Every structure is written in structure tokens, then in C-alpha cells.
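Note sheet for the following structure.
In listed order, ligands and their atoms are each counted from 1. The structure displayed is predicted, hence computed values, not measured ones.
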Amino acid sequence: MHLFVCLALSLVHLTLARLRELTTITLIARSLEKRGRLTRRTPRATSVPLRNYILGTDLQWYGEIQVGTPPQTFTVVFDTGSDTFGIPGKNCTSSCSNQRIFDWDKSSTYKYIDNGEGLFLQFATGVGVTPANSSDPDWMTMWEVSDTVSVGGLTVPEVPFYLIDFQSPTFGQDPFDGIMGLGTEPDSFFGSLVAQGLPALFSFYLTPHSIGNAELTLGGIDHSKFKGPMVFSPIHPNAGFWSLISNRVVVNGKTTESLSQPHRFIFDSATSNLVFPKTLTESIYSLISPDIAPNAAVPGTYGIPCRQLKSLPAVVDFTFTSTTGEPFNLTLPTTELSIGPFASNKLLCQTVINAFDFQFDPIIGGSLLKHYYSTWDAGNKTMGFAKTN
Ligand SMILES: *[C@@H]1O[C@H](CO)[C@@H](O)[C@H](O)[C@H]1NC(C)=O
Ligand SMILES: *[C@@H]1O[C@H](CO)[C@@H](O)[C@H](O)[C@H]1NC(C)=O
Ligand SMILES: *[C@@H]1O[C@H](CO)[C@@H](O)[C@H](O)[C@H]1NC(C)=O
Ligand SMILES: *[C@@H]1O[C@H](CO)[C@@H](O)[C@H](O)[C@H]1NC(C)=O
């Protein structure tokens, strides 16, 4: 078995009752013109509506895809923190009982392409806004197949992907079925579209649930979703992730020596909040309030009495450098400081940064991304951000 470790899927505990409350968003199917044998049409940019994983956290988004012939529908997290595309296969039994499973016997275009080794995948981020247990991470096993895949009306034949046949119990609580990686090197479904001429970029409009209309646009930028200019910044060339270097972190207008050092941040659409090393986490919290303290009941998390939140400013500016050399800030507003009360202590509110010391750079997820329209340009190796209202 190969051993891969990837960032991915922050999952929140979910009951089936809550799952039923989620409104279904129907994909607008745009059928492609029938392709002649010699004239393959260049794919055009398309948007996929996203549902927000609500459950009190409002920090997780996922959308629909179709797999097989005739198509079987699944929901996936579009994950910039990994390259893996996987959905449950029909031999994932009890551990996938809450998910839709792919029945390969019902697809005329299905092919088994695994070399018999399978894939073992471990996840560095934990369940929802709860940090991973670093000595007992979540994991899944899967095996490689290929089939026709459609996303947002774009259809690609013979896409290689994985079928999950076992997953650790936390994944069984997801309201979505699988994961579609959108790493810095386009591959699998998106890679095939790029090979056919789709521009090698995609964009996320990750809105709070109250605003809605969240979407992923493959191959383009939806200019109707923001007004101001978009600022682009070069991603770090060798990091293997969508990562940018920040030269300074400023909290409520103040900084410290350690916060004025360069830090490389990974941007991950599938991580719900912020996951930083302990020292960085505590440097930031120290400039917000001395009352933010680790919550021993949930290792890696921090909390503050909820009643103290009302008058507590917590504006965190991350300063990056644009492709033209100008500094720009991505700003986490005060409203993101609390991600809600802990289940085990309703008077204590969990704060936005989890501390987790692992081999990755600090990870910025939904808490910040939901305040910007973002473009992830794998062709130019840049990321673009524009403020949303
Ligand atoms: C983390 O995993 C280890 C090994 O399975 C276990 O002993 C420990 O209790 C776990 N910690 C938490 C907080 O669940
Ligand atoms: C599921 O099927 C695949 C392909 O035949 C096989 O490699 C794998 O071992 C099966 N897993 C289980 C849990 O039966
Ligand atoms: C970024 O934020 C810092 C701290 O609030 C501020 O001093 C600086 O002027 C901001 N930079 C830009 C380009 O807006
Ligand atoms: C990115 O690359 C494309 C070509 O793939 C080019 O047309 C475009 O202007 C570039 N964008 C930026 C912001 O550099």
C-alpha cells in the first residue's frame, strides 16, 4: 500500500435529521453538443452550485458530480488541499452507510484500473472544527478505477479516480459522499479538461449560508460575484500546495517580532477554520485576549467564555505580496473569532484557530476564504483574491 498524507476534509458531526434539513440545489445541466469524431469542442468555463455545510459552523462547502453511464449522482468536497478524487464504492458497506455508493455494475463505461495495491490515505485535519488526533488520524482505503465523470455539465470520459472501500468512522458522518482534489497540478477530471483546452484555473465563491449562491467555477472567473479589483499573488513554487508567503500578521493593529517573520500559509478549501502551529496560534491569541486558553477537553482547540465575545475586537490582517510587488492584506474579521460553543461546555466558545503541530505549513480554510472571491490559477501559478460584500 502507498502511504499518502494529505490535508483534507474537515468534517463536522452531523445527524441524519440535519441532513434532511439541507435544501437540495439542483444542478443546471448544460448538455454538451454531440461531438463529431474529428471535432472535439474546447470545453467552456462552467459553474457548480455549492451547498454550505451548515451545522452551526457555516464553514464547509460541497457540490454535485455525476459518475458513470447512465450517470449516478454524488456530492463531493472540492478540495484544494489534496489531489485525490474518491467516492464510496458499493463494497464500502457499514463505514459508508450514510453515503451514496457507486454501483459499478450499473455503469457501462466503468473500468477497473487498479494495480492491485490500492491506496491508503491519511488526513491531517480533523472532524469539522475539531482538530485531528495526530496519533490516530482519520483514514480511508480505496482502489483505482475509471469512468465518465460530469461536473457542472462538462463531461469527460475515462477519468481515473478512486473508489473508497473503507473509511474511519468520522467520515461516515459527512453529509457529502466524497472528495475531489484540486491541487496545484491539474489531474484527473480537471486535468482532462485542461488537456482539452479549458483554462487551467478555477474560482471559489464560498459564501456564508445566509448569503447563499456559493459556487465553484471551473476554467474561469465569475465577475458577477465581486466588484473591486482582484489582486494576484504568486504561489510558492515548490511547496506542492496552494501556498503564499505572508511577511506579517497584524492583530488589532498590533504585531510582535515573531508575527513579523515570513510565514508560508497553505490555502485549503476543505479545511473549515484555521489550523496553525502552537506558537503562531498563541502569538495571535495573545494580541486578542489573555482569556483565550486551550480547552483541554478537546485537545488542539482554544476557547473563551462566550459572554466575553461581544466587546472583543479580533481583526487579523495577513499581509501578502502581489505579482506586481505591492503588499495586500487578507483580513479575518472579528465576526470569525468564535466558531460557536463547545458541545461539552455551552458557556465556552471555541475560537477560530486550532493548534496542531504537524509537518505541514499553517492552513487557512473557510473562515478566511468566505470573505473573498478567490481564483486558483494553476497555469500561471498564482492565486487571486477580491473582496466580496
Ligand atoms: C488519540 O489517539 C490515541 C491513540 O489511539 C488515543 O490513545 C488517544 O486517547 C486519542 N486522543 C483523543 C483526544 O481522542
Ligand atoms: C472492494 O473491491 C475491490 C475491487 O475488487 C477490492 O480490491 C477490495 O478489496 C474490495 N474491498 C472490500 C472491503 O471488499
Ligand atoms: C494591512 O494591514 C495593516 C494592519 O492593519 C495595515 O497597517 C496596512 O496598511 C494594511 N496594508 C494594506 C496594503 O492595506
Ligand atoms: C495567466 O495566463 C494566461 C494564459 O494562460 C494569460 O492569458 C493571462 O493573462 C494570465 N493572467 C495573469 C493575471 O497573469
message: List ligand 2 atoms under 4.0 Å from Asp165, heavy atoms only on the residue side.
response: 1 (C), 8 (C), 9 (O), 10 (C), 11 (N), 12 (C), 13 (C)
Ring centres under 6.0 Å, that's the criterion: do [X] and [Y] meet it?
X: Phe265; Y: Phe276; result: yes
X: Phe320; Y: Tyr372; result: no
X: Tyr302; Y: Tyr285; result: yes
X: Trp139; Y: Phe120; result: yes

- request: Check whether any heavy atom of Trp143 sits under 4.0 Å from an atom of ligand 2.
  value: yes
query: When Phe385 is tested against each of Phe232, Phe267, Phe226 for ring-ring contact (aromatic ring centres under 6.0 Å, His included), which residue passes?
result: Phe267
- request: Please check if any side-chain donor atom of Ser168 sits under 3.5 Å from a side-chain acceptor atom of Asp138, or the reverse.
  value: yes
message: Less than 3.5 Å apart, any donor N or O on the side chain of Ser260 or Thr255 sitting next to an acceptor on the other?
response: yes
message: Does the protein place a non-hydrogen atom closer than 4.0 angstrom to atom 9 (O) of ligand 3?
response: no
- prompt: Does an N or O from Asn91, backbone or side chain, lie closer than 3.5 Å to an N or O of ligand 2?
  reply: yes
- line: Near Asp317 (heavy-atom distance under 4.0 Å), the atoms of ligand 3 are 2 (O), 4 (C), 5 (O)
Around [atom], find the nearest protein heavy atom and jot down its residue, atom name and distance.
atom: atom 13 (C) of ligand 3; value: Pro327 O, 3.5 Å
atom: atom 5 (O) of ligand 1; value: Asp136 OD2, 3.3 Å
atom: atom 11 (N) of ligand 1; value: Asn133 ND2, 2.9 Å
atom: atom 12 (C) of ligand 3; value: Asn329 ND2, 3.4 Å

